[in-house]
Amino acid sequence: MKTENHNIRIVVLDDSDFYNRLLTRQLQSYTRAIAQATDFRFDIESYVHADDCIRNLKSDTDIAFLDYYLGNGITAQDVIREIRRNCNKCKVVVVSKTRNAFTEGKSLEQGASAFLYKLDRYTLQKSCFFVDELVEDLFH
């Protein structure tokens, strides 16, 4: 696949302003290094409200990182359904501070590619692995 000027679109949705900024900055720092070494460009959009994320979701979104509990009774499962309607090629990674096998199972059943725990000290680094996988897939 030709990679010149390929734009990778990433969405972060977390209702915790602190964690949202933390994950977004991690991804920005990581993708900046990749962009300097390749022809890839990264567009990272960050949201704290599910409605804003869904309203602005672009059909060519490549990866979405979603908190599980998003306030007002909205969960990642609700957002995953909207993502699947608008951009079915998008990888979804659910990131939650709740360790619950049922929640994880439901997320994966709804179409999430992975479920990460916020309280795991390596979660921020693990989030970058999904960017690596996407870049690798595009090179082949």
Looking only at heavy atoms, the pair that brings Gln125 and Arg121 closest together is OE1-O, 3.4 Å
When every non-hydrogen atom of Gln77 is compared with those of Ser107, the smallest separation belongs to NE2-N, 4.3 Å
Here the pair of heavy atoms bringing Ala35 nearest to Phe42 is N-CE1, 4.0 Å
message: I'd like to know if the side chain of Arg84 and the backbone of Cys90 have a donor-acceptor N/O pair within less than 3.5 Å.
response: yes
- Is there side-chain contact between Asp132 and Tyr30, with heavy atoms separated by less than 4.5 Å? yes
* Presence of salt bridge, Asp60 and Lys89, under 4.0 angstrom -> no
Do Leu124 and Leu23 have side chains that get closer than 4.5 Å, going by heavy atoms? yes
Rounding to 0.5 Å, atoms CD (Glu45) and OG1 (Thr24) come to a distance of 10.5 Å
Is there a side-chain contact between Val93 and Ser127 (heavy atoms, below 4.5 Å)?
-> no
Rounded to the nearest 0.5 angstrom, the CD1-CZ distance for Ile44 and Phe65 is 9.0 Å
Distance col, row Gln26:CD vs Arg21:CZ, nearest 0.5 angstrom, shows 15.0 Å
Steps toward side-chain contact (heavy atoms from CB on, under 4.5 Å) verdict (Arg55, Asp52)
CA-CA 5 Å; Arg55 182 175 33 259; Asp52 292 338; 2.4 Å; yes
Counting distance only, does the side-chain N/O of Thr38 pair as donor-acceptor with the main-chain N or O of Phe40 below 3.5 Å? yes
Ser29 side chain to Arg25 backbone, donor-acceptor under 3.5 Å: no
Please check if the side chain of Asn86 supplies one atom and the backbone of Ser59 the other of a donor-acceptor pair under 3.5 Å. no
Item to check | cation_pi(Lys118, Tyr19) dist<6.0 Å, angle<=45 | outcome: yes
When rounded to the nearest 0.5 Å, the distance separating CG of Asp51 from CD of Glu82 is 9.5 Å
Practice problem: Could you tell me whether a side-chain N or O of Asn20 sits under 3.5 Å from a main-chain N or O of Asp14, the two making a donor and an acceptor? | Solution: yes
inquiry  = Given 3.5 Å as the limit, does a donor-acceptor pair link the side chain of Thr31 with the main chain of Gln28, or not?
reply    = yes
Discussion item. Counting only heavy atoms not in Lys58 (residues, nucleotides, ligands), do more than 12 fall under 6.0 Å from its NZ?
Written reply: yes
Separation between CG (Asn7) and CG (Asp39), nearest 0.5 Å, reads 12.5 Å
Using a 4.5 Å side-chain heavy-atom cut-off and chaining through intermediate ILVMFWY residues, the residues clustered with Leu66 come out as Val11, Leu13, Tyr47, Ile54, Leu57, Tyr68, Tyr69, Leu70, Ile74, Val79, Ile80, Ile83, Val92, Val94, Phe115, Tyr117
### Message
Would you say that Asp120 contacts Lys126 through its side chain, given a criterion of any heavy-atom pair below 4.5 Å between the two side chains?
### Response
yes
CG (Asp62) and CG (Leu134) are apart, to the nearest 0.5 Å, by 5.0 Å
